[in-house]
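See structure below.
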There are 2 protein chains.
Amino acid sequence: MNDPISDILQSKGLRATPVRLKVLEQFQGSDNAVSPKEIELRFDQIDRITLYRTLKSFEEKGIVHKIDDGTGTPKYAMCIDKCDEGHHHDDHVHFHCNDCGNTFCVEDVEVPYIKTPPKLKVAKTSIVMNGTCEKCQ
Amino acid sequence: MNDPISDILQSKGLRATPVRLKVLEQFQGSDNAVSPKEIELRFDQIDRITLYRTLKSFEEKGIVHKIDDGTGTPKYAMCIDKCDEGHHHDDHVHFHCNDCGNTFCVEDVEVPYIKTPPKLKVAKTSIVMNGTCEKCQ
DNA sequence: ATGATAATTGCAACAGCGTTGCAAAGGATG
DNA sequence: CATCCTTTGCAACGCTGTTGCAATTATCAT
């Protein structure tokens with residue numbers, strides 16, 4: 001009944017506090033995955049610890065998902081559709097541009113079925129591509 | 001002309017020092033990818049900094065490659081065949097077992113061609129699978 | 001509204017990983 | 001043997017992420 005962003009939080013059982021609203025808002029405003037550090041710098045009066053906790057609870061509640069793009073710096077992006085508490089549907093491909101350093105989800109690429117040795121029980125497959133993004137060509 | 005392990009080092013232009021021999025030896029002895037921490041604990045009298053530098057130079061010379069298995073802890077494994085200075089052929093699939101925590105290379109799985117939006121120039125594709133390994137079933 | 005309850009925040013302090021500078025030790029080479 | 005360059009080990013630092021704790025704030029029932 002308030003704004004849509006508050007509603008997202010409340011529907012996940014999280015209180016709509018200023019920090020959370022701000023962080024969530026900037027997730028919606030960007031289509032890149034962002035690192036905790038980037039968020040911290042974007043608002044320069046946010047508490048580092050609170051931010052980490054915010055991201056953690058967002059992840060647990062299925063609001064954002066964590067992306068490991070191979071740079072060593074974890075990034076977060078909003079979950080698109082059916083992410084749920086404790087269950088992420090982030091089986092899409094992630095792309096990391098070596099030029100601009102941005103990382104984003106490639107929605108329109110289908111994750112292929114990969115035939116694996118029958119001895120391995122595969123629960124999840126993560127695919128990260130590196131290269132040059134559209135803007136940097 | 002000495003032992004094969006020394007030869008590997010010398011052929012890459014690295015001196016065969018005790019630390020390097022020990023580290024390289026244990027890479028050959030295991031088919032798992034190992035973290036710096038694990039190596040450090042395995043020999044309990046190795047200097048942390050020296051180990052990091054050793055791994056770095058091994059990686060630069062194409063002796064080992066770094067694996068990011070999504071756990072946040074980097075791991076290293078020996079390069080199999082055609083790795084070269086500054087050029088890693090590590091386009092195989094990596095598997096991380098959620099039970100035993102081991103990570104290893106799945107040699108016999110072919111990395112599929114994945115059709116991507118033409119706007120993206122893909123240079124490298126990393127695939128990490130999670131699940132249960134043979135031993136842990 | 002008001003007060004009780006529980007969640008959230010912010011600070012201090014800490015732990016772990018990885019890096020750099022620098023001096024000492026060790027091999028290679030002439 | 002003397003020199004030079006590589007490698008090592010120590011000290012110190014920076015960054016990321018965590019925990020404990022007290023203060024604050026939102027929620028909910030009354």
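Protein chains get the first letters and strands the later ones, always in sequence-line order, with residue 1 at the start of each.
- Protein atom CG of B:Leu21 is 14 Å distant from nucleotide atom C1' of C:dG26, rounded to whole Å.
- Atom CG of B:Leu51 is separated from atom P of D:dT7 by 15 Å (rounded to the nearest Å).
- In this structure, a donor-acceptor pair under 3.5 Å is present between the side chains of B:His92 and B:His94.
- What separates CD of B:Glu38 from P of C:dG18 is a distance of 12 Å, to the nearest Å.
- Rounded to a whole Å, the CZ atom of A:Phe43 is 13 Å from the P atom of C:dT9.
- In the model, A:Thr71 has a side-chain atom that pairs as donor or acceptor with a side-chain atom of A:Asp69 under 3.5 Å.
- The backbone N or O of A:Arg15 sits less than 3.5 Å from a side-chain atom of A:Arg20, completing a donor-acceptor pair.
- Without hydrogens or angle criteria, B:Glu38 side chain to B:Ser35 main chain gives a donor-acceptor distance under 3.5 Å.
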Between protein and nucleic acid, restricted to nucleotides 13-19 of chain D and to nitrogen or oxygen atoms under 3.5 Å apart, what atom pairs and distances do you find?
from	atom 1	to	atom 2	distance (Å)
D:dT16	OP2	A:Lys37	NZ	3.4
D:dG17	OP2	A:Tyr52	OH	2.8
D:dG17	N7	A:Arg48	NH1	2.7
D:dG17	O6	A:Arg48	NH2	3.1

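- Between B:Ala16 and A:Leu14, the residue anchored closer to the 5' end of DNA chain C is A:Leu14, taking for each the nucleotide with the nearest heavy atom.
- Here A:Gln10 reaches the OP1 or OP2 of D:dT27: one of its side-chain N or O atoms lies under 4.0 Å away.
- Between the CD1 atom of A:Ile46 and the C1' atom of C:dC11 there is a distance of 15 Å, rounded to whole Å.
- For D:dT7, the OP1/OP2 oxygens have no side-chain nitrogen or oxygen of B:Thr17 closer than 4.0 Å.
- Taking atom CG on A:Leu55 and atom P on C:dT8, their separation rounds to 14 Å, with Å as the unit.
- The 12-atom threshold is not exceeded at NZ of A:Lys121, counting heavy atoms of other residues, nucleotides or ligands nearer than 6.0 Å.
- Rounding to whole angstrom units, CG of residue B:Asp44 and C1' of D:dG9 are separated by 16 Å.
- For A:Thr54, no side-chain nitrogen or oxygen approaches OP1 or OP2 of C:dT8 to under 4.0 Å.
- In this structure, of D:dG9, C:dC11, C:dT9, it is C:dC11 that holds the atom nearest to the side chain of A:Asp47.
- Residue A:Gln45 contributes atom CD, which lies 15 Å from atom C1' of C:dC11 at whole-angstrom precision.
- Residues A:Asp68 and A:Ser126 have side chains not in contact (no heavy-atom distance under 4.5 Å, counting atoms from C-beta outward).
- B:Phe58 contributes atom CZ, which lies 7.5 Å from atom CG of B:Leu55 (distance to the nearest 0.5 angstrom).
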